[in-house]
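In what follows, a single structure is set out as structure tokens and then discussed.
Everything numeric in this text was worked out from a predicted model, so none of it was measured. Quick note: numbers below take in every heavy atom, side chains included, and nothing from hydrogens, waters or symmetry partners.
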Amino acid sequence: DSTVSPPSDIGQDVHAAAVKLPESAYFGTIVVHDTLIVFNRLQKDVATGFFAIPLTGLNATLQRIVDNDAVIPAAITHGKSIDSGLVVEVALAGVRLAHRGAAKSAQFHSKHAVGTAFGDMTVAVGLSEALAPDLVIGGLPGSRLPFLIGIVVLSLLLLVIALVQLHQREKLARLREDFVAGTSHELRTPLAQIRLFAETLRLERVRSDSERNHALIVIEREARRLEHLVENLLHFSRAERGTLQIATEALNLAALTREIVSEFLPLALKADVTVVVDAPSVVSANVDAGAWRQIVLNLLDNATKYGGGNSRVVVRLENAADFARLTIDDEGPGVDLADRERIWKKFWRGDAARAAGTTGTGIGLATVRDLVLLHGGSCFVDRNVPRGARFHVHLPMKGPVPLARRDA
């Protein structure tokens, strides 16, 4: 066996095979020009680590194993030879690699396809009815399921489980590293700003009242950002432990949302993003005020990050049939159709975010989903948006609320 850098035509075949692999597959195989190509897939649709195995060598190895090794333990056959009643055939891409026994001597047949990860390899097994007294006391059981087929299937299942667990372990390790790195970066940036301007004020390096006010504004803005990050981590930690709770009351979401947006505006201005609120004077729902604040802030933070500079974010609130609806539109790259469910999972960040270098902890939208579900509501990404992304949050309504309750 040898590691190879395949020609472009083989590379195209390997790439096409990698796209068809299931998500849990750790490696894949294909047959090209009488050669078995084995590739190791470490990232989605990217195959690396090519190995070329001549089919002639593989044929000889498998044939030697099939010919010399006992397929069924002697303890089951009572030491008798069952070669005349057993048929085994291993084929790859329609080419027979190894066989044993004569097909006409077997009355019971079974054929199993290993799967795309193994190059569509098939294992066919045949058993003669005359083997029943030697394999099972009293003959074949009522189901007439050959014992050998069960062994083959069980072995394949154990192999698949081992590969899936290995893949999941590596995936979890990558997610943990991304989370720690993202959280560290998100916390370090505002802390550095606060420390810089606090030292400027302490050493009296400001030259005017306007510079002093600017330093205080930056400190307050970054402190709010830190507060938002810490609240996110606390909500996420409670959700993971199953202790996240809410205390709902009838509130005017329109007034509360405008208040939240006004608090977020300094962060939006820093990112050169304009935030517009489009809502009637009263939109009522039964919510937890703190949870709603976290939901809106997380969605605004997400829209600001992915919308980019010189963009616009629109926050809309409206009364629907029996629920209050919040929509937040941004002008970013949007969300791929395949990712519109995965974005709500913890630690998940899309390939576009990684490629663009957008920082984040990967728990913002997961926290939104947890809080919305606790309210008995729903959240999703709109499929029919020509540009950017549109996030929806639906919460159950509760009778009208006087404006004075939250407008003050």
Taking atom [atom1] of [X] and atom [atom2] of [Y], what is their separation to the nearest 0.5 Å?
X      : Y      : atom1 : atom2 : result
Leu156 : Ile151 : CG    : CD1   : 11.5 Å
Ile217 : Ser210 : CD1   : OG    : 10.0 Å
Leu203 : Leu201 : CG    : CG    : 9.5 Å
Leu373 : Cys379 : CG    : SG    : 6.0 Å
Leu297 : Asn302 : CG    : CG    : 12.5 Å
Glu259 : Phe264 : CD    : CZ    : 15.5 Å

_Single hit among Val275, Leu267, Thr257, Leu265 for side chain to side chain contact (heavy atoms under 4.5 Å, CB included) with Leu300_ =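 So, applying the side chain to side chain contact (heavy atoms under 4.5 Å, CB included) to Leu300 and each of Val275, Leu267, Thr257, Leu265, only Val275 qualifies.
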Any donor and acceptor pair, going by atom type alone, linking the side chain of [X] with main-chain N or O of [Y] inside 3.5 Å?
X      : Y      : value
Arg325 : Leu317 : no
Arg369 : Leu365 : no
Asn252 : Val283 : yes
Asp330 : Gly388 : no

Side chains of [X] and [Y], heavy atoms from C-beta outward: is any pair under 4.5 Å?
X      : Y      : answer
Gln294 : Leu371 : yes
Val372 : Ile295 : yes
Leu159 : Leu157 : no
Arg316 : Asp329 : yes
Ser311 : Val273 : yes
Trp292 : Leu326 : yes
Val287 : Leu253 : yes
Leu191 : Leu226 : yes

_Worked check of side-chain contact (heavy atoms from CB on, under 4.5 Å) between Val277 and Val314_ = CA-CA 6 Å; Val277 179; Val314 179; over 6 Å; no
Minimum-distance pair of heavy atoms, taken over all atoms of [X] and [Y]:
X      : Y      : value
Ile328 : Ala303 : CG2-CB, 4.1 Å
Ala289 : Leu251 : CB-CD1, 3.8 Å
Gly376 : Pro396 : O-CG, 3.8 Å
Ile246 : Ala291 : CG2-CB, 4.2 Å
Ala324 : Ala285 : CB-CB, 4.0 Å

_With a sphere of 6.0 Å drawn around CD of Glu199, does it hold more than 12 non-hydrogen atoms of other residues, nucleotides or ligands?_
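Enclosed.
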_Does Glu227 have more than 12 heavy atoms from other residues, nucleotides or ligands lying within 6.0 Å of its CD?_
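Not more than 12 within 6.0 Å, no.
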*Given His392 and Asp382, is the side-chain contact (heavy atoms from CB on, under 4.5 Å) satisfied, shown in steps?*
CA-CA 7 Å; His392 289 259; Asp382 201 325; 3.1 Å; yes
Indicate yes or no: does [X] engage [Y] in a salt bridge with an N to O separation below 4.0 Å.
X      : Y      : answer
Arg293 : Glu263 : yes
Asp301 : Lys305 : yes
Glu222 : Lys270 : yes
Glu331 : Arg312 : no

_Arg202 and Thr200: CA distance, side-chain angles, deciding distance, side-chain contact (heavy atoms from CB on, under 4.5 Å) verdict_ = CA-CA 6 Å; Arg202 181 175 62 84; Thr200 300; over 6 Å; no
*Go through the steps to decide whether Trp344 and Asp339 satisfy the test side-chain contact (heavy atoms from CB on, under 4.5 Å), and finish with yes or no.*
CA-CA 9 Å; Trp344 305 103; Asp339 296 336; over 6 Å; no
*Under 3.5 Å, is there a donor-acceptor pair linking the side chains of His375 and Asp288?*
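Judged by distance alone, the side chains do not pair up.
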*Please work out whether the ring planes of Phe323 and His394 are parallel, tilted or perpendicular, with thresholds of 30° and 60°.*
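Geometry flag for His394 against Phe323: parallel rings.
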